[in-house]
Amino acid sequence: MVLAGAGSGKTRVLVQRIATLVGRGVHPSRILAVTFTNKAAGEMRERLSEMLGYHASSMWIGTFHSTCARLLRMFHEEVGLSSNYNIFDDDDQMRLIGALIKERNLKEEATPRSVLSAIGAAKNKGEDPVEYNKLGYLSQIISIIYPMYRDALAREDAVDFNDLLLKVRDLFAHKAVGPKLRQRFDHVLVDEFQDTNPVQYNLVQGFVGDTRNLTVVGDDDQSIYSWRGAEPRNLLDFKRDYPDSAEVKLEQNYRSTNVILTAANGVIQNNRDRHRKQLWTDRDGGDPVLWEEVRDERAEGDFVAGAIEGLVSEEGREWGDMAILYRTHSQSRVLEEMLRSRGIMYKIVGGVSFFQRKEVKDIRAYMRLVSNAAADMSFDRIVNVPARGIGKTTVDHIRYYSRGKRISYLAGARDAVRGEIPEVRAAARKKLQKFLEIIDGLAAVKKAGASVAEFLIQVVERSTYRERLEKEGTPDASERLNNLAELVSMASDFDDETDGEGSLAEFEERISLASAADGEDGKGSAVTMMTVHAAKGLEYPIVFVVGMEDGLFPSIRENRDVFEPEDRKDLEEERRLAYVAFTRAMDRLVLTSARVRRKWAEVKIAKPSRFLQEIPEDCLAIRIVPDPAPDTSFRRRPARGRSRSRYSNDGYSDTYAADPYDSSPTSRSARAAPSSSYENPSDLDPDHTRIDPTYSDHSYPDHNYPDHSYPDHNYPDHNSPDRTSTHQRAQSSRRLGGRSATPKRHKPSGRQASFGQQSLFGDIDDEFDQRSGYEEFPTYTVEGEIAYESGDGEYQFDQSAEFVEICAGTTVRHKSFGLGRVLTSQGHGKNQKLAIDFSTVGVKTVMARFVDPVF
DNA sequence: TATTCGCACTTTTTT
DNA sequence: AGTGCGAATA
């Protein structure tokens, strides 16, 4: 067993071990190497081919899933599958479960997603879903749906992802096959062992058999898949089950600079459940980790794009040297936009998989149905796609009839054409026949020995898919056509690879097992964008980790605002995720957080990730970018965020620094410039024309920030008196970001940061001057309408009034929602829209003319 | 039967 | 905000 840290060359150890084994005369086909992704498998195969001087094609290198799929093809009969069995992906499973739920009228009780995840949770552990969920609130539903689900899969000659593993596990118990399997491999090696689930561990034990020749490598600090049933405990169990094993700890990191490593160590050491490891590197020093705090996600994207430009022009870096990591896919959109606007090439790894696109799934369904008539779900999917006049009623008749006769829908459709289902009338029969002719024609194409690519072309033609899309002529349609062309070209590659001998089923299997992240690798110069999960095992000279905000990273469950003690495990996994993210970086690590982030159409005030404060100070350069001066050339905007930022930017208080509705002494004392009855910006700045007094208040010494900005290891909680000080620091930081003060940034011990000094990220001082090039904090007087409530409860508009446009931070009153605070504003005048956090109903977007500022 | 409109759901992470 | 589904309509 190798227990090793990030960047210590775990995989290299594995590769070398395999090469050694082969050198010692072990036959390559007797070696099983399990990697976490298909991509990693490909890389391993490539490296081995190089080392051994021949193509390592006979070796069993792959993921658990691809390995099991391969074995199931060999032993399909023993598990009751055909040789063309179908693999259900997430989407297929969800559709099936959705259909079952509907069939049983359980729609009120559960969503397909919840049922699927309950089933999945059980299967990940290798347990029976009904038993496993017996005590849960879904127990009733699962006990109804799961057997139906299982039977449907059996009927369809299909397995889901978990079955792929479970069926192989069952094979070990098979009289004839079990012993064979157990003796199939002389050596077993497993990468990323911390991410194996109990079923996978069982498989490993089975494959190892009696030889006990097993090598695993893993890092418990990088266990980020517990939600998929992974048990880092397997590392411990391993010691128990193989007490004679040697444990090797690799603690030297060859990847990152000392600064980056120290930052990552600083974060991960806050986890309680871990093996103690202290990674070290001989790459001394390094540029400090930069934490850039910006206004919102657009500013974030803009900053990252600008920094990339700077790195290219100032440091001669290439786009391909850089990666942008985020917690969720949804963050990629804005980033893309900002990169595109600067002409930076990028590629996104993962996301909505190519193979999940509707048109691709449709064509895949044709492929499945032709090679496997039992594929009822596929039949359902394409019988009327593209529309050929076969309606719901007709299909319902076929379904009912087929189920009764226990035949496939396709067979049922044939009977219908023959007139054996009287409810299906002549007109419908004719249309059905047309459909069957398409399928049969395709079957003939297949039989004639067409390559997979040729076959797919025929599908696109004969199904009339191409014709329909071309007729449509919309950009969307041509995009779809492109995707289909892409699919065909993939098939063509597959044909080349297999000398045209690969079957449809094999191609379909490969697609099913291909993860979105498996796409071709880094060659070519483009910035890589992906989730942190997808980045595991990769490294880049420069890494941006965006969205370092509490609630996003660490991510937090919907209905909760704070991490409860019982969430410790979740939080620790998030921390490991941060650790993975940070340790991807070789030379430079840049973190960004936004003060305001939009989720859907909603606007949320965000606070910096707690992980940021776990980074040792002397590794970190902090820069807080003030909200930009309003771009008057574009449109007049209110002082967006200026006053609000007093609330949002204190970093470590709760959602707001002070709740205007909270008149508790603690809260009040936290205010820098307390005023009368309760706190809100209007109190401080009743006419919105003066600079917020707190910003020009010099009572907070500069040296409070950033040197001691976040010294507290514990998150100051709601009532902590400490809030005062954090708040004050924030105030002073504001001033730094304001104008006069020279911004301070932290210098890493001994070494001068190149951040800021070089023009790469802009000289920090210049940058501040530039961005805060306005004399005063912006406030506006604009023409507009003032709304007031007239006696009859209607709103009236005073057209002539000149007044202050409602600014973010203002407290307003809405007729039905009551008091609320404006978070952001869009547009102006009559069309001004405000995102308002109401104390009664939460955040809503409301037209400004429907609210009254409270003065 | 096809089309259109409105509503609900989505966004944690993936083999 | 975008999608997909179901109900209502042509």
Side-chain angles (χ1 to χ4, degrees), chain A residues 34-41 62-69 87-91 93-95 98-99 102 107 111-114 116-117 120 123-124 159-166 192 195-197 199-200 203 223-230 325-334 349-353 355-358 361 384-395 425 427-428 431 476 509-518 530-536 547 551-558 570 573-574 576-578 580-581 597-604 845:
Chain A
V34 185
T35 57
F36 193 71
T37 61
N38 292 311
K39 193 160 138 195
T63 61
F64 277 105
H65 290 86
S66 69
T67 303
C68 288
I87 299 173
F88 267 33
D89 63 24
D90 218 51
D91 180 64
Q93 295 179 68
M94 201 101 92
R95 277 167 181 270
K102 207 160 114 190
K107 267 178 110 172
T111 63
R113 182 175 296 281
S114 64
L116 179 57
S117 81
K123 284 185 156 187
N124 278 331
V159 294
D160 63 26
F161 276 113
N162 284 310
D163 291 337
L164 231 32
L165 309 188
L166 290 166
E192 307 281 11
D195 286 322
T196 53
N197 67 29
V199 177
Q200 292 167 334
L203 288 173
S223 161
I224 53 177
Y225 283 94
S226 66
W227 49 274
R228 217 167 71 188
L325 309 185
Y326 35 77
R327 180 66 239 274
T328 66
H329 286 299
S330 56
Q331 291 168 257
S332 69
R333 278 240 166 127
V334 181
V349 176
V352 179
S353 167
F355 302 110
Q356 301 287 351
R357 302 271 171 84
K358 182 185 181 305
K361 288 221 77 165
N384 196 33
V385 174
R388 48 177 76 88
I390 301 171
K392 192 171 168 297
T393 343
T394 308
V395 178
R425 304 282 169 165
K431 291 174 193 156
D476 180 64
E509 176 192 295
R510 174 173 311 189
I511 289 179
S512 304
L513 296 178
S515 81
D518 280 340
M530 64 193 137
T531 62
V532 180
H533 280 90
K536 196 170 69 157
L552 182 59
F553 197 1
S555 140
I556 201 165
R557 294 186 171 225
E558 282 293 300
D570 293 339
E573 177 139 325
E574 294 290 320
R576 290 191 292 271
L577 204 49
V580 168
R597 187 168 292 273
R598 286 164 191 77
K599 195 186 179 187
W600 306 317
E602 281 191 352
V603 181
K604 281 239 164 89
T845 304

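In what follows, chains are A, B, ... by sequence order, proteins preceding strands, each numbered from 1. As the structure is a prediction and not an experimental result, all values here were calculated from the model.
One N or O donor and one acceptor, one from the side chain of A:R327 and one from the base of B:dT13, sit under 3.5 Å apart.
Look at A:F161 and the base of B:dT15; the rings stack, centres closer than 5.5 Å and planes less than 30° apart. By the stacking rule of 5.5 Å between ring centres and under 30° between planes, A:W227 stacks on the base of B:dT13.
Comparing B:dT1, B:dT12, B:dT15 by their nearest atom to the side chain of A:T63 picks out B:dT15. The nucleotide whose nearest atom lies closest to any side-chain atom of A:T328 is, among B:dT10, B:dT12, B:dT14, B:dT12. Ranking C:dG2, B:dT15, B:dT14 by closeness to the A:R333 side chain, first place goes to C:dG2. With distances taken from any side-chain atom of A:R113 to the nucleotides B:dT11, B:dT14, B:dA2, the minimum falls on B:dT11.
A:V580 is not listed as a side-chain neighbour of A:H533, based on a closest heavy-atom distance of 4.5 Å or more. For the pair A:Q200 and A:V34, the minimum side-chain heavy-atom distance is 4.5 Å or more. For the pair A:E192 and A:Y225, the minimum side-chain heavy-atom distance is 4.5 Å or more.
Rounded to an integer number of Å, the gap from A:D89 CG to B:dT14 C1' is 12 Å. Atom CD1 of A:I390 is separated from atom P of B:dT1 by 9 Å (rounded to the nearest Å). At whole-Å resolution of the value, CG in A:D90 and P in B:dT13 are 11 Å apart. Counting to the nearest Å, the C1' atom of B:dT15 and the NZ atom of A:K536 are 11 Å from each other. A straight line from NE2 of A:H65 to C1' of B:dT14 spans 9 Å, rounded to a whole angstrom. Look at CG on A:L552: it is 9 Å from C1' on B:dT12, rounded to the nearest Å. The CG atom of A:L116 sits 16 Å away from the C1' atom of B:dC9 (whole-angstrom rounding). A:Q331 has its CD atom 19 Å from the P atom of C:dA1, to the nearest Å.
Using a 4.0 Å cut-off, some side-chain N or O of A:T393 falls inside it from OP1 or OP2 of B:dT1. Neither OP1 nor OP2 of B:dT12 sits under 4.0 Å from any side-chain N or O of A:S330.
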Please list, pair by pair, any protein nitrogen or oxygen found under 3.5 Å from a nitrogen or oxygen in nucleotides 8-10 of chain C.
none

Write out a two-atom table: protein N or O, nucleotide N or O from nucleotides 4-6 of chain C, distance below 3.5 Å.
residue : atom : partner : partner atom : Å
C:dG6   : OP1  : A:K102  : NZ           : 3.0

Is there a side chain to side chain contact (heavy atoms under 4.5 Å, CB included) between A:R228 and A:N197? Walk through the geometry before answering. CA-CA 8 Å; A:R228 217 167 71 188; A:N197 67 29; over 6 Å; no
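Checked by atom type and distance alone, the side chain of A:R327 never pairs as donor or acceptor with a backbone atom of A:L552 at under 3.5 Å. The backbone N or O of A:S226 sits less than 3.5 Å from a side-chain atom of A:E573, completing a donor-acceptor pair.
Nearest-nucleotide positions on DNA chain B for A:N384 and A:Y225 put A:N384 closer to the 5' end.
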